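Note that the coordinates shown come from a computational prediction; the quantities given were computed from them, not determined experimentally.
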Amino acid sequence: MTARIPPAQLTDTEREVRAAFATGTAVDLAGRADRSVRGELLTGLLLGAYPLDEGAMPALRVDNALVTGEFELEGRTVGHLVSLHGCAFERPLDLRMAQLVALNLRGCEVPGLRGRNLRVGSDLRLELGFRCTGVVDLTDATIAGTLRLSGAALHHPEGVALRAERLRTSGSVQAVALEVDGELLLSGADVGGGLHLSDAELRNPGGTALEATGLTVTDSLHCDNGFSAAGTVRFAGARVGGDAVFSTARLTDPPARGSRVLVHVPDAEATLLDADRVRVEGDLRLDRGFTARGAVGLRGAHIGGHLLLSGAVLGHPEDAADLARAFAEGRAEDTVPLALVADGVEVLGDVEARGPVRGRPQGALRAYGQVRLVDGVVHGSASLSRARLRAAGRDALFADRLRVGGTLFLRRARISGSVRLQNATIGSSLDCSGAWLIKPRLRPEGTVKPSLDARVATIGKDLLCSRGFRATGGVRVRLAEVGKRVTFAGARLGGATKPGHPVPEKALQAYGLSTQELVLLFRPGRPPAGLVNLSRATAASVVDGPGLWAARGGVLLEDFTYSAISAVPEVSVRQRLAWLRAVQPDFAPGPYEQLAAVYSQGGEEEMAQVVQVERQRRRYSELHWAGQVWGRLQEFTVGYGYRPWLAIVWLAGFWGVGLLWFAGHRMQRLNTDTEPVWNAPLLVTDLLLPIIDLGQDNMWKMTGPSQWIAGTLIAVGWILATTVAAGATRVLKRG
């Protein structure tokens, strides 16, 4: 038995409370002159210090009392209902290790509640006006029902306001419209139902507003519909059996603004919402106006449904403005502000961060700082269409080794900074149609890196950089593999974001690119503002136009192979050869051989011959003077072996000239013992064909001009025979 207040010392109010306890009747002390009830009386009633009549059904139901003294149930077992509505306590309640059937403190004002290892057999109600100016300590408490905190106000700004580490509840935690000044601790808590913090307001600027590391929620987590937190929110390692909803939530932490990390070395302490290693079986919703004035951390998170970011605003606009100023001044920052850090995240559904679509009015993701998805895995598609990413001079989207099962959409995105997708694997397409990638990453020396860097990426279907696509830092798809189509139709590659900004040297780096169809159609008035490197690229078909060959840095074509080529609009083979001459001041045979092979395989042998003749012409033009003369001679006589009919034309011409001469100038016979018959046509033929002897040139004595004409015909015959032999050898080698 506990010490009790003698009945004679009880006040009239306390006697009424004692009498009502025996029958379980509620006592409302509102408006009374004497509202005071000593805590020792309440404790004595609950612990059996006052005898009860037989058949009593006791329950403590007191409303609007002023409880003085100690209300202490430490280590005690209470088998009666405890319901104290609207009461004010002078001292903290001591419920450590107590076992209660039910506890209702709705609307009460307390300076603290000591409930470590408390056991409650049903609901614990601390709601609807419950106010605490100290610490509510529910560490290791077990609640067989629901913990109700909706509408409560916990004020302890100098420390922890609610300590519920390793709390166990069979039901939910209902904390809708909860107001907290100080830290809210739920680390290691196990909630059998859902955790509802909708419309809650947590304030602990410069510190941790909500610490829920290792939290387990069997159902859904709701921090939405007006939820706000001034301070860090931590759900690292949490487990959520349903959805985790942060829609419309607002997270701020003014003292921590401007947190930055070294590039490529993100710091876990730099995140405002720390959900690293969280496991959500349903959707993770950070959408519909979700705002975090700092970074959101999802490193190693596992999301069984979708990751929804449409309408979210992440990071500090001031940080993005600082980067923009540094870019304008040509300064490369070695740190970068973070907006989303999701390295190693796994999403079994889609990542949805796109702009307005039918039935979904919310806008696209806006990120002021870097969005990281390094080593992330998205089993569905990822859409950042119309997204606004701001990290000028840095990698705005850093997603090396990202794996996407479907399509990665960047349609009409506006990105200030670079998009880095090195070694990424995309099951379907990378769709950048209409995207603007400006203010690319700066190197320390002030030069720019590519706006889109997808080197060694693997894309199952298409790479679409068309319909107004713009990349001021150029595009790098070095050694990338694209299953079907790569198109840059109408794209703007390279150039300065604004006058005075740095310009890239390379507009398109496609070294070793492999694809089935390569479309390189640039507007003639806006050709690539830099080098286009197609060396060792492979494509089944190529579609080009004059805009490509007007690239301001030239076009590299070494070992560029393709099976078919066409232009829009169609051009002649002469025009293609002019393009090759323009971009290759130094002769290289490969592009000519490739073009000739394509024409030949397509049955256009005449075009192939034109290309081969041009190849030989350029080859001999770079030799010494003797080689140039020999080349000219082959060109005019047999077209380097590709026009053997020219030799016949030349032979016929010289044969006609010789015939005209010798038909009017009969020669004297050389040997008087014979009587040869004069035959001018046969004589001219014998002179022009040095290999064949028709017996005519040795029977007549050439004198005067005829001697010179005969010698000329013999020389022409030898020259034509040599060039024909050289051409025939080349044809045989080609065959």
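For the residue pair Gln370 / Asp395, no side-chain donor-acceptor distance below 3.5 Å is found, with atom types taken as modelled. Asp287 and Ser310 form no side-chain donor-acceptor contact under 3.5 Å, judged by distance and modelled atom types alone. For the residue pair His379 / Glu346, a side-chain donor-acceptor distance below 3.5 Å is found, with atom types taken as modelled. Neither side chain, Asp431 nor Ser429, offers a donor N or O lying under 3.5 Å from an acceptor on the other.
Nearest heavy atoms, Asp283 versus Asp243: N-OD1, 2.7 Å. Here the closest non-hydrogen pair linking Pro450 and Ser418 is O-OG, 2.9 Å. Across Gly494 and Ala529, no two heavy atoms sit closer than the pair C-CB, 3.7 Å.
Here the CG atom belonging to Leu373 is positioned 6.0 Å from the CG atom belonging to Leu340, to the nearest 0.5 angstrom. The structure places CG of Leu308 at 11.5 Å from OG of Ser383, a figure rounded to the nearest 0.5 Å. Remark: Ser451 OG to Ile415 CD1 distance equals 9.5 Å, nearest 0.5 Å.
Checked for salt-bridge contact, Arg420 and Asp453 miss the test: no charged N lies under 4.0 Å from a carboxylate O.
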side-chain contact (heavy atoms from CB on, under 4.5 Å) between Leu548 and Phe522, worked out: CA-CA 6 Å; Leu548 168 66; Phe522 303 96; 4.1 Å; yes
Chi angles and distances behind the salt bridge (Lys or Arg N to Asp or Glu O under 4.0 Å) call for Arg576, Asp544: CA-CA 10 Å; Arg576 287 205 170 276; Asp544 63 1; 2.8 Å; yes
Step-by-step salt bridge (Lys or Arg N to Asp or Glu O under 4.0 Å) determination, Arg485 to Asp462: CA-CA 5 Å; Arg485 187 184 190 204; Asp462 299 328; 6.0 Å; no
Audit row: Arg299, Arg277, side-chain contact (heavy atoms from CB on, under 4.5 Å) steps and yes/no: CA-CA 6 Å; Arg299 301 174 186 85; Arg277 304 178 309 283; over 6 Å; no
Leu557 vs Leu580, side-chain contact (heavy atoms from CB on, under 4.5 Å): CA-CA, chis, key distance, verdict: CA-CA 9 Å; Leu557 299 168; Leu580 284 177; 3.5 Å; yes
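In this structure, the side chains of Ser514 and Val482 stay at 4.5 Å or more apart for every pair of heavy atoms. The closest side-chain heavy-atom distance from Phe227 to Arg250 is not below 4.5 Å. With a 4.5 Å cut-off on side-chain heavy atoms, Asp319 and Val336 do not count as touching. A heavy-atom distance below 4.5 Å is not found between the side chains of Ile459 and Lys484. Put simply, the side chain of Val245 does not reach to within 4.5 Å of the side chain of Leu221, judged on heavy atoms. Side-chain atoms of Tyr368 and Leu389, non-hydrogen and from C-beta on, never get closer than 4.5 Å to each other.
Geometrically, Arg536 does not engage Tyr511 in a cation-pi contact defined by less than 6.0 Å to the ring centre and at most 45° from the axis.
The neighbour count for Arg443 CZ, taken as heavy atoms of other residues, nucleotides or ligands under 6.0 Å away, is above 12.
Pairs of residues two or more places apart, or lying in two chains, that qualify as ring pair (Phe, Tyr, Trp, His ring centres under 6.0 Å) and include a residue from residues 529-557 are Trp549-Trp579.
Of the residues listed (Leu397, Leu338, Val296, Val341), the one engaging Val371 in a side chain to side chain contact (heavy atoms under 4.5 Å, CB included) is Leu397, and it is the only one.
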